[in-house]
Visitor: 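Here it is, the structure in full.
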Amino acid sequence: MTSEDLPAIPQTEDQNLLRRAGRVAGWAARTGAGLTRRLPGVDLAGEGLRQVERQVLSGLRRRLDEVDDPYVVALSAASAGNEHNGNNGSPAQLVLAGEPLRTAMKELLDRSIGFDRERAREYLYATVLRRLTPDEARIIAVLADGDPFPAVDVVAKGSRILLRNASTVGISAGVTLPDEVPSYLTRLAGLGLVDITDDDPVLSAQHEILATDELVRAAQASAKRTKLIRHTVRLSRFGSRFWAACDPAVRTRVE
């Protein structure tokens, strides 16, 4: 989707503020760190700018949540109904206020009536997308190239798992938190975006490198007798379709 496809949106105060903050942030980046060291008070100004940006982005995110999340919609509607009607609300409004989970389910069921295949798929992908961290998005982007990566579990005596889903894919993706790659892969597998399958002999050399990883060695050192269970990480079929729909580099219609 390009900007031409989006309807014109009236400029709000938050949007104008965010645009001004972006221009100032861009200027600060161009001037370089040397200037900030020479000018007194710039550090405080920079911190103030970051605070403004955080406040604006937080407000915009809350609006997005209220639009997209049926549970938040239910809670917001319940709160608004109570404030408007006081204690004289109708029975339906009382149910709304007291049972937001049921109301949220009704919201989803109501939406399903008007959804065609394209809209339902878009809603599904948007729900998954909102659960990803930036590091996880980088991992998905790397796996989207089609190359498999090695992964290992470190298992102690009695099949006790000391470390699950350690992998070199985080290094290739350039993640910010490499120590969290096992957690990232576990989450991505839970979302159905990656498949973690049996060992692929083609990755034997990469598995040898992975065995020297600090996380793997630390897990092995935490128990007397351990073994490495080799796995292979690939983007799943669902993950491939998800990436085709979300890849920022191209515009793709997913059938």
Visitor: Same cluster for Val233 and Val152 if Ile/Leu/Val/Met/Phe/Trp/Tyr side chains link at under 4.5 Å?
Guide: no

Visitor: What's the spacing between Thr133 OG1 and Glu136 CD if we round to 0.5 Å?
Guide: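 The CD atom of Glu136 is 3.5 Å from OG1 of Thr133, to the nearest 0.5 Å.
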
Visitor: Describe, in one word, how the ring planes of Tyr125 and Phe238 are oriented to each other, choosing from parallel (under 30°), tilted (30 to 60°) and perpendicular (over 60°).
Guide: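 The arrangement is tilted - the two ring planes meet at 30° to 60°.
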
Visitor: Run the numbers on Leu132 and Leu129 for side-chain contact (heavy atoms from CB on, under 4.5 Å), then give the verdict.
Guide: CA-CA 5 Å; Leu132 296 182; Leu129 184 63; 4.3 Å; yes

Visitor: If I take atom CZ from residue Arg164 and atom CD1 from residue Ile229, how far apart are they, to the nearest 0.5 angstrom?
Guide: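 So the CZ of Arg164 and the CD1 of Ile229 are separated by 11.0 Å.
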
Visitor: Among side-chain atoms of Thr186 and Asn165, is any donor-acceptor pair under 3.5 angstrom?
Guide: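 Note: Thr186 and Asn165 side chains meet the donor-acceptor criterion.
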
Visitor: When you look at Arg217 and Glu214, which way does the salt bridge (charged side-chain N to carboxylate O under 4.0 Å, His left out) test go after all the steps?
Guide: CA-CA 5 Å; Arg217 292 174 67 87; Glu214 290 184 5; over 6 Å; no

Visitor: For the NE2 atom of His207 and the OG1 atom of Thr212, what is their distance to the nearest 0.5 Å?
Guide: 13.0 Å

Visitor: Could you tell me whether a side-chain N or O of Thr232 sits under 3.5 Å from a main-chain N or O of Pro150, the two making a donor and an acceptor?
Guide: no

Visitor: Would you name the heavy atoms of Ala120 and Phe115 that are closest together and state the gap between them?
Guide: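 Taking Ala120 first and Phe115 second, the nearest heavy atoms are CA-CD2, 3.8 Å.
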
Visitor: When you compare the side chain of Arg241 with that of Arg121, does any pair of heavy atoms fall below 4.5 Å?
Guide: yes

Visitor: Compare every heavy atom of Leu162 with every heavy atom of Ser222, then report the nearest pair and how far apart it is.
Guide: OG-CD1, 3.7 Å

Visitor: Listed by chain and number, what are the side chain to side chain donor-acceptor pair (under 3.5 Å) partners of Arg230, not counting sequence neighbours?
Guide: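 By the side chain to side chain donor-acceptor pair (under 3.5 Å) rule, Arg230 matches Glu208.
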
Visitor: Quick check: do Arg234 and Ile196 have side-chain heavy atoms less than 4.5 Å from each other?
Guide: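 When only atoms from C-beta onward are counted, Ile196 and Arg234 do not touch, as no gap falls below 4.5 Å.
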
Visitor: Please check: side-chain N/O of Thr226 versus main-chain N/O of Ala223, any donor-acceptor pairing under 3.5 Å?
Guide: no

Visitor: Can you see which heavy atom on Ala173 is nearest to which on Val142, and at what distance?
Guide: CA-CG2, 3.5 Å

Visitor: Using modelled atom types only, decide if a donor and an acceptor are shared between the side chain of Ser236 and the backbone of Asp195 within a distance under 3.5 Å.
Guide: no

Visitor: For Leu203 versus Pro148, what's the shortest heavy-atom pair and its separation?
Guide: CD2-O, 4.0 Å

Visitor: Determine, using the 4.5 Å side-chain heavy-atom cutoff (strictly less than), whether Trp243 and Leu185 are members of one ILVMFWY cluster.
Guide: yes

Visitor: Under a 3.5 Å distance rule, please check whether Ser172 uses its side chain to pair with a backbone N or O of Val169 as donor and acceptor.
Guide: no

Visitor: If I take atom OG from residue Ser159 and atom NZ from residue Lys227, how far apart are they, to the nearest 0.5 angstrom?
Guide: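 It comes to 6.0 Å.
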
Visitor: Please tell me whether Val154 and Ile209 are part of a single hydrophobic cluster in this structure, the criterion being side-chain heavy atoms less than 4.5 Å apart.
Guide: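 In one cluster: no.
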
Visitor: Checking Leu228 against Val216 for the side-chain contact (heavy atoms from CB on, under 4.5 Å) test, could you report, in this order, the C-alpha distance in whole Å, the side-chain angles of both residues, the deciding distance, and whether it holds?
Guide: CA-CA 9 Å; Leu228 299 181; Val216 175; 3.8 Å; yes

Visitor: Considering all heavy atoms of both residues, which atom of Leu163 and which atom of Ala219 are nearest to each other, and what is their separation?
Guide: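 Here Leu163 and Ala219 meet closest at CB-CB, 3.8 Å.
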
Visitor: Should we say atom CG of Asp116 is surrounded by more than 12 heavy atoms from elsewhere, each under 6.0 Å from it?
Guide: yes

Visitor: So Thr168 and Asp213, side-chain contact (heavy atoms from CB on, under 4.5 Å) or not? Walk me through it.
Guide: CA-CA 8 Å; Thr168 59; Asp213 181 84; over 6 Å; no

Visitor: Contact between Leu215 and Pro182 at the side-chain level, heavy atoms closer than 4.5 Å - yes or no?
Guide: yes

Visitor: Given side chains that start at C-beta, do those of Ser183 and Glu180 come closer than 4.5 Å, heavy atoms only?
Guide: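 Yes. Closest side-chain heavy atoms under 4.5 Å.
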
Visitor: Output, in order, the C-alpha distance, side-chain angles, deciding distance and verdict of side-chain contact (heavy atoms from CB on, under 4.5 Å) for Ile171 and Phe149.
Guide: CA-CA 11 Å; Ile171 297 176; Phe149 283 83; over 6 Å; no

Visitor: I need the full list of side chain to side chain donor-acceptor pair (under 3.5 Å) pairs touching residues 137-154, with sequence neighbours left out, sorted by first then second residue.
Guide: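 As it turns out, the side chain to side chain donor-acceptor pair (under 3.5 Å) pairs with a partner in residues 137-154, which skip direct neighbours, are Asp153-His231.
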
Visitor: Where do Val194 and Ala189 come nearest, in terms of heavy atoms and distance?
Guide: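 Smallest heavy-atom distance, with atoms named: CG2-N, 3.5 Å.
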
Visitor: When you measure from the side chain of Asp135 to the backbone N and O of Leu177, does any donor-acceptor pair fall under 3.5 Å?
Guide: yes

